[in-house]
Colleague: 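Sharing a structure with you now.
Everything quoted here is computed from the prediction, not taken from an experiment.
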Amino acid sequence: QVQLVESGGGLVQSGGSLKLTCAASGGRYTGMAWFRQAPGKERQGVACMHFNDRRTFYAESVKGRFTISKDNDRDTVYLQMDDLKDEDTAVYYCASDRVPFPCQIAINSPLSLDLWGQGTQVTVSS
């Protein structure tokens, strides 16, 4: 059974850090993306990685603050979030697909991916 499970969310003060984990199982994955959705807003692509060459892509709003990485032995992907801001408050989701997908498209088109986790809440307080 294909499954993506996020963890690591929580409450953090502005300027703090959190590390999210996405554990993938039950399938073969060629990449993984992180998205977030704040109340009343559309789902937004945050970061994405191609597994074959470890090429990464980031939304402009998180460049230099967030880092996506992958465990070498498992299909577990992380999102290290530093210097968190109030506007980073959202539910964070990891997502992938059953076929290879280009991060350049996926990060701007969440509907292009068909595998999603349940999400983990990140709340940044000032």
Side-chain angles (χ1 to χ4, degrees):
Q1 179 181 355
V2 173
Q3 192 174 23
L4 304 179
V5 179
E6 304 96 334
S7 61
L11 175 65
V12 63
Q13 287 192 327
S14 180
S17 298
L18 278 177
K19 187 173 184 177
L20 306 183
T21 299
C22 175
S25 61
R28 295 191 64 183
Y29 303 88
T30 61
M32 194 72 69
W34 284 97
F35 292 81
R36 65 186 181 188
Q37 189 165 20
K41 295 189 176 181
E42 292 187 352
R43 194 162 294 190
Q44 174 194 24
V46 174
C48 189
M49 173 186 279
H50 292 152
F51 288 172
N52 59 346
D53 58 7
R54 300 299 176 99
R55 191 177 176 191
T56 57
F57 301 80
Y58 295 94
E60 285 296 325
S61 59
V62 306
K63 276 184 180 178
R65 300 189 298 122
F66 290 12
T67 304
I68 187 171
S69 62
K70 181 184 178 297
D71 188 293
N72 287 331
D73 298 321
R74 299 175 294 173
D75 284 335
T76 297
V77 174
Y78 306 98
L79 185 68
Q80 177 67 44
M81 305 185 295
D82 298 317
D83 189 22
L84 282 161
K85 306 177 185 300
D86 292 355
E87 53 264 39
D88 295 319
T89 294
V91 178
Y92 283 72
Y93 302 88
C94 60
S96 188
D97 204 277
R98 291 178 175 85
V99 298
F101 62 91
C103 277
Q104 301 94 315
I105 293 176
I107 201 169
N108 293 306
S109 302
L111 293 180
S112 67
L113 301 178
D114 68 356
L115 301 174
W116 290 82
Q118 81 288 349
T120 186
Q121 176 71 46
V122 172
T123 303
V124 183
S125 65
S126 55

Colleague: So do the side chains of Arg54 and Lys70 get within less than 4.5 Å of each other, counting heavy atoms only?
Modeller: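 Yes; the side chains approach each other to less than 4.5 Å.
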
Colleague: Which heavy-atom pair separates Ala38 from Ala90 by the least distance, and what is that distance?
Modeller: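 What the structure gives for the nearest pair is N-CB, 3.8 Å.
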
Colleague: Is it the case that over 12 heavy atoms from other parts of the model lie below 6.0 angstrom from the CD atom of Glu87?
Modeller: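 Result for CD/Glu87: enclosed.
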
Colleague: For residues Phe101 and Val77: do they belong to one hydrophobic cluster (side chain heavy atoms under 4.5 Å, members Ile, Leu, Val, Met, Phe, Trp, Tyr)?
Modeller: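 No; tracing contacts between hydrophobic side chains, which count when under 4.5 Å, never links both residues.
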
Colleague: To the nearest 0.5 Å, how far apart are CE in Met32 and OG1 in Thr56?
Modeller: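 Here the rounded value is 15.0 Å.
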
Colleague: When you measure from the centre of the six-membered ring of Tyr93, is the NZ or CZ of Arg43 under 6.0 Å away and within 45° of the axis?
Modeller: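 Flagged: Arg43 positioned over aromatic ring of Tyr93.
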
Colleague: Step by step, would you call Tyr78 with Ile68 a side-chain contact (heavy atoms from CB on, under 4.5 Å)?
Modeller: CA-CA 6 Å; Tyr78 306 98; Ile68 187 171; over 6 Å; no

Colleague: Taking C-beta and beyond as the side chain, do Gln80 and Ser17 meet within less than 4.5 Å on heavy atoms?
Modeller: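 Yes; the side chains approach each other to less than 4.5 Å.
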
Colleague: Could you tell me the separation between the NZ atom of Lys19 and the OG1 atom of Thr67, rounded to the nearest 0.5 Å?
Modeller: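 Separation between the atoms: 9.5 Å.
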
Colleague: Given side chains that start at C-beta, do those of Asp86 and Ser14 come closer than 4.5 Å, heavy atoms only?
Modeller: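 A side-chain contact under 4.5 Å exists here.
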
Colleague: Angle between ring planes, Tyr92 versus Phe66, binned at 30° and 60°: parallel, tilted or perpendicular?
Modeller: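 Tyr92 vs Phe66 ring planes: tilted.
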
Colleague: Please assess Val62 against Arg36 for the test side-chain contact (heavy atoms from CB on, under 4.5 Å), listing each intermediate value before the final yes or no.
Modeller: CA-CA 12 Å; Val62 306; Arg36 65 186 181 188; 4.0 Å; yes

Colleague: Does Lys63 count as lying over the ring of Tyr58, i.e. NZ or CZ under 6.0 Å from the six-ring centre, within 45 degrees of the axis?
Modeller: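 Cation-pi check for Lys63 and Tyr58: fails.
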
Colleague: Are Met49 and Met81 in one and the same hydrophobic cluster, where Ile, Leu, Val, Met, Phe, Trp and Tyr link if side-chain heavy atoms are under 4.5 Å apart?
Modeller: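 Same cluster.
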
Colleague: In terms of hydrophobic clusters joined by side-chain contacts under 4.5 Å, are Trp34 and Val2 together?
Modeller: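 Yes, same cluster.
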
Colleague: Identify the heavy atoms of Ala95 and Leu113 that sit nearest to each other, and give their distance.
Modeller: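 Taking every non-hydrogen atom into account, CB-CD1, 3.7 Å.
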
Colleague: Nearest 0.5 Å please: distance from the CG atom of Leu20 over to the SG atom of Cys94.
Modeller: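 These two atoms lie 9.5 Å from each other.
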
Colleague: Under 3.5 Å, is there a donor-acceptor pair between the side chain of Ser109 and the main chain of Ala106?
Modeller: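 The answer is no, because no donor-acceptor pair under 3.5 Å joins these two groups.
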
Colleague: Parallel, tilted or perpendicular: which fits the ring planes of Phe35 and Trp116, with parallel below 30° and perpendicular above 60°?
Modeller: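 Ring orientation of Phe35 relative to Trp116: tilted.
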
Colleague: Test side-chain contact (heavy atoms from CB on, under 4.5 Å) on Ser61 and Lys85; report intermediate values, then the result.
Modeller: CA-CA 10 Å; Ser61 59; Lys85 306 177 185 300; over 6 Å; no

Colleague: Atom SG in Cys22, atom CD in Glu6: separation rounded to 0.5 Å?
Modeller: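 It comes to 5.5 Å.
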
Colleague: Within this structure, what is the CG-OG1 distance for the pair Asp97 and Thr30, rounded to the nearest 0.5 Å?
Modeller: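 One gets 8.0 Å once the value is rounded to the nearest 0.5 Å.
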
Colleague: Could you check whether any side-chain heavy atom of Thr120 comes within less than 4.5 Å of a side-chain heavy atom of Val91, counting everything from C-beta outward?
Modeller: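 No, every pair of side-chain atoms sits at 4.5 Å or beyond.
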
Colleague: Applying side-chain hydrogen bond (donor to acceptor under 3.5 Å, both in side chains), can you list everything that pairs with Arg28, at least two apart in sequence or on another chain?
Modeller: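 Arg28 satisfies side-chain hydrogen bond (donor to acceptor under 3.5 Å, both in side chains) with no residue once adjacent residues are dropped.
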
Colleague: Roughly how far, to the nearest 0.5 Å, is OH of Tyr29 from CG of Asp75?
Modeller: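 With rounding to 0.5 Å, CG (Asp75) is 7.0 Å from OH (Tyr29).
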
Colleague: From the options Asp88, Asp82, Asp83, select the one residue that forms a salt bridge (Lys or Arg N to Asp or Glu O under 4.0 Å) with Arg65.
Modeller: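 Output: one option passes, namely Asp88.
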
Colleague: Under 4.5 Å between any side-chain heavy atoms of Gln104 and His50, yes or no?
Modeller: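 They are in contact (side-chain heavy atoms under 4.5 Å apart), so the answer is yes.
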
Colleague: Would Leu4 and Gln118 satisfy side-chain contact (heavy atoms from CB on, under 4.5 Å), going step by step from the backbone distance to the final call?
Modeller: CA-CA 8 Å; Leu4 304 179; Gln118 81 288 349; over 6 Å; no

Colleague: Say whether, by atom type as modelled, one donor and one acceptor occur between the side chain of Thr89 and the main chain of Thr123 under 3.5 angstrom.
Modeller: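 No.
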
Colleague: Do Leu115 and Ile107 belong to the same hydrophobic cluster, where Ile, Leu, Val, Met, Phe, Trp and Tyr are linked whenever their side-chain heavy atoms lie under 4.5 Å apart, directly or via other members?
Modeller: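 As far as the 4.5 Å side-chain criterion goes, Ile107 and Leu115 are not connected within one cluster.
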
Colleague: I'd like to know if the side chain of Gln37 and the backbone of Glu42 have a donor-acceptor N/O pair within less than 3.5 Å.
Modeller: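 Side chain of Gln37 to backbone of Glu42, a donor-acceptor pair under 3.5 Å: no, none is there.
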
